[in-house]
Amino acid sequence: DQIGDAAKKLGDASYDFAKEVDWNNGVFLQAPGSFQPLKALKAIDKMIEMGAAADPELLKKAADAHHKAIGSISGPNGVTSRADWDAVNAALGRVVASVPKQKVMDVYDAVKDITDPKVPAYMKSLVNGADAEKAYQGFLEFKDVVAANQVTTASAAATVPTGDKIGTAAKALSDASYPFIKDIDWLSDIYLKPLPGKTAPETLTAIDKMIVMGSKMDGNLLKAAAEAHHKAIGSIDAKGVTSPEDYEAVNAALGRIVASVPKQTVMDVYNSMAKIVDPSVTNNMFSKVNPLDALSAAKGFYTFKDVVEAVQ
Ligand code: DGD
Ligand code: CLA
Ligand code: PID
Ligand code: PID
Ligand code: PID
Ligand code: PID
Ligand code: PID
Ligand code: PID
């Protein structure tokens, strides 16, 4: 297709740049400017809306392309192979083309709103500047091909199951855990801190398992989960906490996407995360909330998971 061909030209223009970026640099975990959690949540909300509008098949293929690209990483900078670099760009270009232009620009504008104007120049200062400009020129040509292949209307909303066992169980889980949700400081910057003692390649291994799980999920249910998160963001209070109803809808939606993949795929995520998350992290989280609320939430989760497993 045209986007695939254009991605090869983009690769010619950008792979030198890609090799020069230090993908293992911890700076990419930082907020791209001053820490503004509510504005950052707005930007993420725009990404969620774009994801919910995207073609689920193309999202799945983009996830697969990333998984494959992680497998061909080499060298100290963590760069993927030339072929996989092109395949990722092609897959993302197709995702972009599957949503109306305005949804893409809304993401750009919202991210721009939390990005210090000095950040792009700083990024450029870490690589060969001429190669960065060559890559950007390639992006500008690529985006014209994407725009020429872009849909003009948004896809239909997801179908949300009703009266299913997971929906009923989600009510009990939500009742048991909402007090805990209210105890958590959602606007803290602690969630942007590096995991103690873990390198980027180690962390990427666990993220890879999530990518694989995402790729196996039922596309309609994944879309529904994104829509549920978007709705929940719309009802947050000043402390970032969503309403009980929207919280319940998020739990139901996530239970359904978990049930749509094999158990082992879920356990692969859990086990790889358990390897990189030191117990001090969990204990620190626990120390900041009411312990009885946390224990009630945990009990609710362990009951919920049996219902999910039964329909998995
Ligand atoms: C950039 C963009 C990269 C900056 C990276 C910041 C993004 C961080 C995202 C963090 C989000 C949170 C997610 C994580 C949450 C964690 C949860 C725990 O360098 C601009 C200005 C605005 C930049 C900010 C907006 C970036 C938006 C990027 C997409 C967002 C999506 C992704 C988010 C991440 C999540 C992924 C899943 O656009 O951009 C560089 C540009 O900066 C440079 O400016 C451009 C002008 O826009 C353009 O108009 C033009 O002036 C150009 O061109 C210069 O500069 C000129 C000529 O016109 C060209 O022809 C050519 O010759 C060129 O010069 C050559 O120099
Ligand atoms: Mg990605 C984007 C890393 C998994 C879906 N992703 C980005 C970039 C960053 C990144 C490179 C955001 C920051 C930025 O804009 O820099 N993703 C990244 C990693 C992983 C991952 C490390 C780990 C596996 N992503 C992942 C998965 C999905 C996505 C699983 C779902 C399938 N990701 C996704 C989308 C988008 C990203 C939809 C974006 O739109 C965003 C992005 O790249 O926006 C431009 C700048 C970008 C780069 C350095 C890489 C692109 C290089 C282009 C082709 C040429 C360079 C041009 C110029 C020099 C700089 C960019 C200017 C900009 C205005 C265009
Ligand atoms: C400018 C000036 C003009 C010239 C110009 C110009 C530049 C405009 C630009 C630009 C626009 C632009 C847009 C970009 C958009 C990036 C969008 C990224 C989206 C990320 C998403 C992440 C996610 C997911 C995901 C799916 C999940 C939901 C999420 C489900 C159902 C200024 C050059 C024209 C870069 C969507 C993918 C996993 C949230 O206009 O003169 O330069 O860049 O998890 O959904 O699971
Ligand atoms: C524009 C203007 C509108 C019209 C429009 C428009 C286009 C927007 C577009 C577009 C946005 C867009 C985004 C693309 C992003 C591509 C990102 C590629 C990332 C590749 C990576 C590869 C890799 C790896 C990996 C992880 C490793 C690092 C690597 C570590 C820690 C402008 C059409 C709407 C194409 C990250 C995965 C293995 C490098 O908005 O008018 O057209 O395209 O090895 O991580 O090692
Ligand atoms: C400039 C002027 C214009 C011309 C121009 C220009 C240059 C702009 C540039 C540039 C922008 C730019 C951006 C780059 C972005 C790279 C993003 C990489 C993201 C990597 C990640 C990696 C990671 C992980 C991971 C999970 C870990 C955290 C991390 C935990 C809990 C100035 C040329 C356009 C290079 C996200 C995945 C392992 C961080 O605009 O005229 O030159 O470069 O380790 O999670 O640990
Ligand atoms: C233990 C001991 C026994 C008792 C026991 C026990 C506990 C086990 C547990 C547990 C397992 C467990 C699993 C959990 C799994 C969480 C998985 C999260 C996945 C996240 C993903 C994120 C993503 C996306 C997304 C889609 C994108 C890709 C991504 C596309 C196509 C120890 C109690 C049985 C909590 C997938 C969603 C946006 C990466 O066994 O005695 O306690 O918890 O962006 O994909 O867009
Ligand atoms: C298990 C054992 C195997 C069998 C198995 C199994 C089950 C795994 C499961 C499962 C995992 C799982 C995960 C669930 C997670 C639910 C998470 C809910 C999150 C809700 C949020 C709501 C909100 C917001 C929002 C953003 C705001 C904050 C809030 C800010 C900054 C165990 C079956 C495989 C159900 C976060 C979105 C508005 C609070 O593996 O043997 O069954 O379920 O307002 O952000 O303000
Ligand atoms: C313990 C002992 C057992 C019993 C037990 C127990 C407790 C465990 C606990 C607990 C675990 C736990 C975890 C918590 C996790 C909260 C995660 C919140 C994430 C929030 C995010 C917010 C954000 C943003 C956002 C984007 C911004 C960055 C942020 C940028 C660029 C010990 C009870 C089981 C509470 C990600 C979205 C706005 C950070 O196990 O016997 O009690 O709690 O602002 O992006 O700015």
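Just so you know, ligand 1 is whichever comes first in the structure, and atom 1 is the first atom listed for that ligand.
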- [ ] I would like to know whether Ser177 and Tyr247 meet side-chain hydrogen bond (donor to acceptor under 3.5 Å, both in side chains); could you show each step before the answer?
- [x] CA-CA 10 Å; Ser177 58; Tyr247 174 60; 2.7 Å; yes
Would [X] and [Y] pass as an ion pair if we require N to O under 4.0 Å?
X	Y	value
Lys39	Asp113	yes
Lys8	Asp86	no
Asp278	Lys198	no
Lys61	Asp64	no

Task: Asp218 vs Ile257 side-chain heavy atoms within contact, under 4.5 Å - done: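 No, too far: nothing below the 4.5 Å cut-off.
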Task: Within-4.5 Å side-chain heavy-atom neighbours: Lys19 and Asn77 - done: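 No, too far: nothing below the 4.5 Å cut-off.
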Open item on the list: Quick check against the 3.5 Å criterion: does Thr80 have a side-chain atom that pairs as donor or acceptor with the backbone of Ala69?
Closed with: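 Here the side-chain-to-backbone pair exists.
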Distance-only donor-acceptor pairs under 3.5 Å for side chains of residues 146-159, two or more places apart:
| unit_1 | atom_1 | unit_2 | atom_2 | d |
| --- | --- | --- | --- | --- |
| Asn149 | ND2 | Gln2 | OE1 | 3.0 |
| Asn149 | ND2 | Val145 | O | 2.8 |
| Gln150 | NE2 | Val96 | O | 3.1 |
| Gln150 | NE2 | Val99 | O | 3.0 |
| Ser155 | OG | Ala53 | O | 3.0 |
| Ser155 | OG | Lys223 | NZ | 3.0 |

Open item on the list: Once side chain to side chain donor-acceptor pair (under 3.5 Å) is applied, what residue pairs with a partner in residues 203-213 remain, sequence neighbours excluded?
Closed with: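 Matches after skipping sequence neighbours: His67-Asp208.
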Need the ligand 6 atom indices (1-based, order shown) with element for anything under 4.0 Å from a heavy-atom of [X].
X	value
Tyr302	33 (C)
Met267	8 (C), 11 (C)
Met217	36 (C)
Val266	13 (C), 15 (C)
Lys305	33 (C), 34 (C)

- [ ] Could you state whether Val88 and Ile73 fall into the same hydrophobic cluster, counting links through intermediate Ile, Leu, Val, Met, Phe, Trp or Tyr residues with side-chain heavy atoms under 4.5 angstrom apart?
- [x]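 As far as the 4.5 Å side-chain criterion goes, Ile73 and Val88 are not connected within one cluster.
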TODO: Have a look at ligand 6 and work out which part of Leu222, if any, has a heavy atom under 4.0 Å from it: side chain, backbone, both or neither.
DONE: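 It is the side chain that gets close, since no backbone atom is under 4.0 Å.
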Pick out the protein N or O atoms lying less than 3.5 Å from any N or O of ligand 4, and list each pair with its distance.
| unit_1 | atom_1 | unit_2 | atom_2 | d |
| --- | --- | --- | --- | --- |
| ligand 4 | 44 (O) | Gly78 | O | 2.7 |
| ligand 4 | 44 (O) | Thr80 | N | 2.9 |
| ligand 4 | 46 (O) | Gly78 | O | 3.3 |

TODO: Tell me the residues surrounding ligand 2, counting only those with a heavy atom closer than 4.0 angstrom, sorted by chain and number.
DONE: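 Protein residues near ligand 2 are Leu10, Phe17, Trp23, Ala62, Ala63, His66, Ile70, Asn89, Leu92, Ala132, Ala135, Tyr136, Phe139, Leu204, Ile211.
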TODO: Report yes or no: do Ser14 and Tyr136 form a side-chain donor-acceptor pair below 3.5 Å?
DONE: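 No, Tyr136 and Ser14 have no side-chain donor paired with an acceptor closer than 3.5 Å.
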